[in-house]
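See below for the structure under consideration.
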Amino acid sequence: MNRNIEVLSDKPALIERSREIILARLHQAIESRGKFTIALSGGSTPKPLYEALGKESLPWSKVHIFWGDERYVPASDRDSNQLMARQAWLDRIEIPAANIHPMSTNAENPLQDAQQQEQELHSFFQTQPGEFPAFDLILLGMGDDGHTASLFPHTEALTVCDRLITVGNKDGQPRITFTVPLINQARCVLFVVAGANKRPALKEVFAPEADEMNYPSRLIQPQGELLWLLDRSAAAELSLDRQ
Ligand SMILES: O=C(O)[C@H](O)[C@@H](O)[C@H](O)[C@H](O)COP(=O)(O)O
């Protein structure tokens with residue numbers, strides 16, 4: 001694993017840098033493998049990034065959009081990660097509908113939807129059960145509690161190591177989420193974290209020792225690149241030697 005941490009002056013600079021990184025890996029993946037596979041994060045931080053990507057003119061027919069996690073709500077629900085990305089970005093570009101691979105949340109049975117999403121990933125990546133496909137880029141946020149995707153502290157989802165997709169649990173509410181081993185198979189994992197409210201968790205995530213069950217973002221140690229983009233406010237209490 002190759003970890004790199006960049007601290008940007010403010011959130012607009014953070015968003016611009018994440019856009020640069022995504023575009024660089026998009027062109028690199030299309031050039032070397034003919035397509036770019038990206039899994040999006042939810043939450044509020046990435047919305048301006050998605051709005052910026054919605055203004056780009058790119059070979060979208062070669063880009064495949066997935067989500068690293070999804071709230072267990074209808075796609076029309078205001079809390080849906082899919083809805084946020086569609087309104088901010090995907091509805092504004094010419095991308096084939098078949099290139100957008102949302103997590104289904106309509107079986108009224110989260111486990112069934114998780115299994116459905118797993119089968120769709122195996123079919124898209126032509127992998128077999130037990131194999132973990134490598135996304136070109138997985139975009140992640142980090143919660144104030146150190147969670148990422150829908151891998152929340154002290155939940156069963158953190159220990160699932162034989163599936164691609166599992167059911168997360170936020171305060172008793174189900175989520176559909178990538179598992180740790182699927183995220184760690186990525187060629188590049190990009191964390192984008194902003195705001196003073198993230199300081200306590202970031203200190204624990206970057207500490208030499210801490211409980212990974214308490215700070216699940218520590219579990220993200222991809223075989224490829226691990227890039228942390230922080231704004232100065234989030235990074236204020238970190239003692240980062242030159243990266
Ligand atoms: O579904 C979600 O909410 C996200 O995938 C989640 O992991 C998010 O990235 C973090 O909670 C940070 O959220 P903010 O960007 O809103 O701080």
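Nothing here was measured: the structure is a model prediction, and the numbers come from that model. Numbering of ligands and ligand atoms starts at 1, following listing order. One is the number of the first residue; the rest follow in order along the sequence.
- Listed by chain and number, the residues in a ring pair (Phe, Tyr, Trp, His ring centres under 6.0 Å) with Phe36 amount to none (sequence neighbours excluded).
- Side-chain contact check for Gln115 and Gln119: no donor-acceptor pair (N or O, by modelled atom type) lies under 3.5 Å.
- Note: Trp89 and Tyr50 have tilted aromatic rings, judged against thresholds of 30 and 60 degrees for the angle between ring planes.
- Closer than 4.0 angstrom to ligand 1 lie heavy atoms from Gly42, Gly43, Ser44, Thr45, Asp69, Arg71, Asn81, Gly141, Met142, Gly143, His147, Thr148, Ala149, Arg175, Lys198.
- Judged by distance alone, with hydrogens and angles left aside, the side-chain atoms of Thr45 form no donor-acceptor pair with the main-chain N or O of Val193 at under 3.5 Å.
- We find that Arg25 and Asp136 are not joined by a salt bridge, their nearest charged nitrogen and carboxylate oxygen being 4.0 Å or further apart.
- In this structure a side-chain-to-backbone donor-acceptor pair under 3.5 Å is present from Thr179 to Arg163.
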